[in-house]
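Encoded as structure tokens, the structure appears first; notes follow it.
In this text the structure is predicted, and so the values were computed from the model without any measurement. Each chain gets a letter, A, B and so on, in the order the sequences are listed, and its residues count up from 1.
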Amino acid sequence: MSATHSSPALSVYNTLTRRKEPLAPLRPGEVRLYVCGPTVYSWVHIGNARTFTVFDVVVRYLRHRGYRVSYVRNYTDVDDKIINAARETGEDPAALAERFIEAFEDDARALGLLSPDVSPRVTEVIPEIRALIQALLDQGVAYAAGGDVYFQVSCWPEYAKLSRRNLDDLRAGERVTPGEHKREPLDFALWKAEKPGEPAWDAPWGRGRPGWHIECSAMSEKYLGTTFDIHGGGLDLIFPHHENEIAQSEAAQHIPLAKVWMHAGFLELENAKMSKSLGNVVQLRHALAKVDPEALRLFFLSSHYRNQLAFSDDALADAEKRMEYFYETLQRVDERLGGREVKPGPLHGDPDVHLRAFEQAMDDDFNTAGALAALSGLFAQLNEYLDKPPAPDRAMVVRTLATLRAVVPTMGGVLGILQSSPLAWLERRRDRLVAQRKLDRELVERLIAERSEARKQKDFARSDAMRNRLLEMGVELRDGAGGTQWKVRS
RNA sequence: GGCGCCAUCGCCAAGUGGUAAGGCAAGGGUCUGCAAAACCCUCAUUCCCCGGUUCGAAUCCGGGUGGCGCCUCCA
């Protein structure tokens, strides 16, 4: 079922060149990927979650295509925001960072994000950061001033090649923050001099802590080497963060930092980017309390990763309904198959068309919306085989159904959805809705039993009255061969 | 002001030169005691507007209009 990586068809949009390029890993068969992870000063929001889900699917798909993937996603655990947050709570900055790393890992697990192969922390790579800064000082592209160390942008002619900005315009808009010792406004801090009560490490040019950008240069080099395949992050990191990473690393190493730069689009809320200043932030943990994690992933993947995506309750409700359709279909299929051994034999039609369409879409810069269309095609066919078998040979129909069913975990595994057993998922969802609507489960079940009794006696007026009463409570009934099933209306 | 992105059916959303995927909603049908679910059928000669290139454009070019992002911490 797994595709081979010999096919050269996978193309990826590269922010550096502003075009789609065939993926050509530096080491055959292996992709090295670095994603800028969270700064752990608070709980992550759903915008962060979208970006991390995007790269989660990138990793999953590359592995599906047969690549070995080395996936590194860092934690920024030393930073102004952490220090400020710690000051407010009266906590030690390190303790606060640790607390939010744990919170992040809980959220990530709940969302079904794969663990990266390495999740380095800035505080673990201080020696590497010092070495990198020293190299930049030695080469004369950085300078120490007042205990700080700055990168001198004017020494790096390629500066702004990623964001394609005009340096004069940047200089015009740049403001000088009091207390800094920059020679030129565009210069940025590699090292910040120690301030009272702040975490600090020794360094030849004075005690202090790393600037924001240097950490990713140090961590990516440590774990992936001097040139790796893909560097990813949110759109807003293009400038200045990724620009500065490129400047530092390439000025020090004289070879490219990464071949391909991938950037995920924003999740927007109420027609605006989510930001703390606008007060329109939805934390991931709060979203997950209300919506099924796989439904949230489905929502993230419903649009191409580079597009803006608007977050809304309606969109989430749609996604959850769709997940319910998937799982109800799977449950029906599993009931029909009944765990029987399916003997090999001729199949009806070509069961591979869906996976081929899925891979074709994913090969095109991870077009998950297109891939979802292929998944829809698979489910439509599953239902068709259940209700209206297109061939008279029953054994062949069952074989084909089983073959199609086996494709579901393959596609689902790439997208990180459909990972539950249908029954477990459907029950979990119903339980959640029962709790949310504060339904009296015993009453529901008693009414259903009474209605079944009425139906048995062909008292359809009474039966229908009870159906309507339940419907008013939001409970929908399904009469089937095995009795009456119920679900909560969404 | 500089740089960049986007505009496709009521809604969400693929499609980057060859004649409009998919989902939701809606209407009709099959099934059902009635329902529900599922299935079948219908649902954009047309892709914000104007002009151009081309045998051919939603797709390329020019000009508008509208929305958004980055330029300061930001996924």
Side-chain angles (χ1 to χ4, degrees), chain A residues 15 18-20 35-39 41 44-55 79-81 84 160 163-175 177 212 232-241 243 263-268 271-277 281 284 298-299 302-304 306-310 312 314-315 317-319 321-322 324-325 328-329 331-332 357 361 364 367-377 379-390 455 458-461 463-465 467-468 470-471 476-480 484-487 489:
Chain A
T15 306
R18 307 279 154 105
R19 65 207 314 169
K20 283 187 212 169
V35 175
C36 289
T39 300
Y41 67 106
V44 289
H45 62 241
I46 49 177
N48 300 303
R50 183 206 186 178
T51 296
F52 296 137
T53 302
V54 163
F55 289 104
D79 167 88
D80 290 340
K81 292 194 291 296
N84 292 338
S163 59
R164 303 196 177 187
R165 298 198 186 229
N166 180 302
L167 292 188
D168 292 331
D169 292 335
L170 283 173
R171 286 188 187 106
E174 192 69 20
R175 62 181 184 209
T177 310
W212 176 34
L235 203 63
D236 49 350
L237 295 183
I238 294 176
F239 189 91
H241 186 238
E243 199 70 74
H263 296 278
F266 283 123
L267 188 68
E268 63 173 38
N271 220 33
K273 175 190 169 180
M274 243 191 306
S275 80
K276 299 242 154 98
S277 53
V281 170
L284 174 57
L298 186 67
F299 162 68
S302 66
S303 175
H304 186 86
R306 282 189 280 120
N307 290 161
Q308 278 184 155
L309 180 62
S312 71
D314 282 353
D318 283 353
K321 258 177 86 170
R322 195 67 185 150
E324 183 177 40
Y325 162 82
E328 283 183 347
T329 301
Q331 221 216 315
R332 293 206 310 143
D364 183 13
N367 184 346
T368 52
L372 253 12
L375 186 70
S376 287
F379 274 81
Q381 200 176 356
L382 243 16
N383 275 123
E384 184 194 333
Y385 273 61
L386 247 17
D387 280 4
K388 236 189 46 177
R455 285 182 75 215
K458 306 265 189 235
D459 185 354
F460 293 121
S463 162
D464 287 350
R467 176 199 285 286
N468 286 332
L470 284 159
L471 210 50
E476 208 171 84
L477 302 184
R478 283 186 198 171
D479 298 322
T484 298
Q485 304 288 315
W486 65 280
K487 59 175 273 194
R489 261 209 166 162

Heavy atoms under 4.0 Å, any strand shown: does [X] hit a base, just sugar-phosphate, or nothing?
X	value
A:Ser463	base
A:His304	sugar-phosphate
A:Ala369	base
A:Gly47	base
A:Arg332	sugar-phosphate
A:Leu386	nothing

Take atom [atom1] in [N] and the same atom in [M], then report the distance between them in whole Å.
N	M	atom1	result
B:rA44	B:rC11	P	15 Å
B:rC50	B:rC71	C1'	32 Å
B:rA7	B:rC61	P	14 Å
B:rC49	B:rU59	P	10 Å
B:rG18	B:rC12	P	27 Å
B:rC9	B:rC5	C1'	24 Å
B:rU65	B:rA58	P	24 Å
B:rA20	B:rA57	P	12 Å

* **Side-chain heavy-atom pair A:Leu309, A:His304 within 4.5 angstrom cut-off** => no
Can you find an N or O donor on one side and an acceptor on the other, under 3.5 Å apart, linking the side chain of [X] with the base of [N]?
X	N	result
A:Arg165	B:rC70	yes
A:Arg18	B:rG4	no
A:Asp464	B:rG33	yes

* Asked: Rounded to the nearest 0.5 Å, how far does CZ of A:Arg478 lie from CH2 of A:Trp486?
  -> 12.5 Å
* State the NE2-CG distance between A:His263 and A:Asp236, to the nearest 0.5 angstrom. => 10.0 Å
* Between A:Ser376 and A:Arg322, a side-chain donor and acceptor under 3.5 Å -> yes
So does [X] get a side-chain nitrogen or oxygen closer than 4.0 Å to the phosphate oxygens (OP1/OP2) of [N]?
X	N	value
A:Asn367	B:rG22	no
A:Lys321	B:rA25	yes
A:Tyr325	B:rA36	no
A:Asn383	B:rC39	yes
A:Ser303	B:rA14	yes

Which one, [options], comes nearest to the side chain of [X]?
X	options	value
A:Lys388	B:rG23, B:rG33, B:rC39	B:rC39
A:Arg478	B:rA36, B:rC34, B:rC71	B:rA36
A:Glu476	B:rA75, B:rA36, B:rG2	B:rA36
A:Asp479	B:rC40, B:rC34, B:rU16	B:rC34
A:Arg322	B:rG23, B:rA75, B:rG33	B:rG23

Name the pairing partner of [N], where a pair is Watson-Crick or G-U wobble with both distances under 3.5 Å, or state none.
N	result
B:rU32	none
B:rG62	B:rC50
B:rA26	B:rU42
B:rC3	B:rG69
B:rC55	B:rG18

Just how far, in rounded Å, is [atom2] of [N] from [atom1] of [X]?
X	N	atom1	atom2	value
A:Gln308	B:rA7	CD	C1'	12 Å
A:Arg467	B:rU32	CZ	P	15 Å
A:Asn307	B:rG69	CG	P	15 Å
A:Leu470	B:rA35	CG	P	17 Å
A:Gln331	B:rA38	CD	C1'	14 Å
A:Leu237	B:rG4	CG	C1'	16 Å
A:Asp318	B:rC12	CG	P	11 Å
A:Leu235	B:rA75	CG	P	13 Å

Taking [X] for the side chain and [Y] for the main chain, is one N or O donor matched with an acceptor at less than 3.5 Å?
X	Y	value
A:Thr53	A:Ala49	yes
A:Ser312	A:Ala315	yes
A:Asp364	A:Asn367	no
A:Arg50	A:Phe299	no

* **First of A:Cys36 and A:Gly377 reached from the 5' end of RNA chain B, by closest nucleotide** => A:Gly377
* Of A:Pro38 and A:Lys487, whose closest RNA chain B nucleotide lies nearer the 5' terminus? -> A:Lys487
* **Cation over ring face, A:Arg455 and A:Phe460, 6.0 Å, 45°** => no
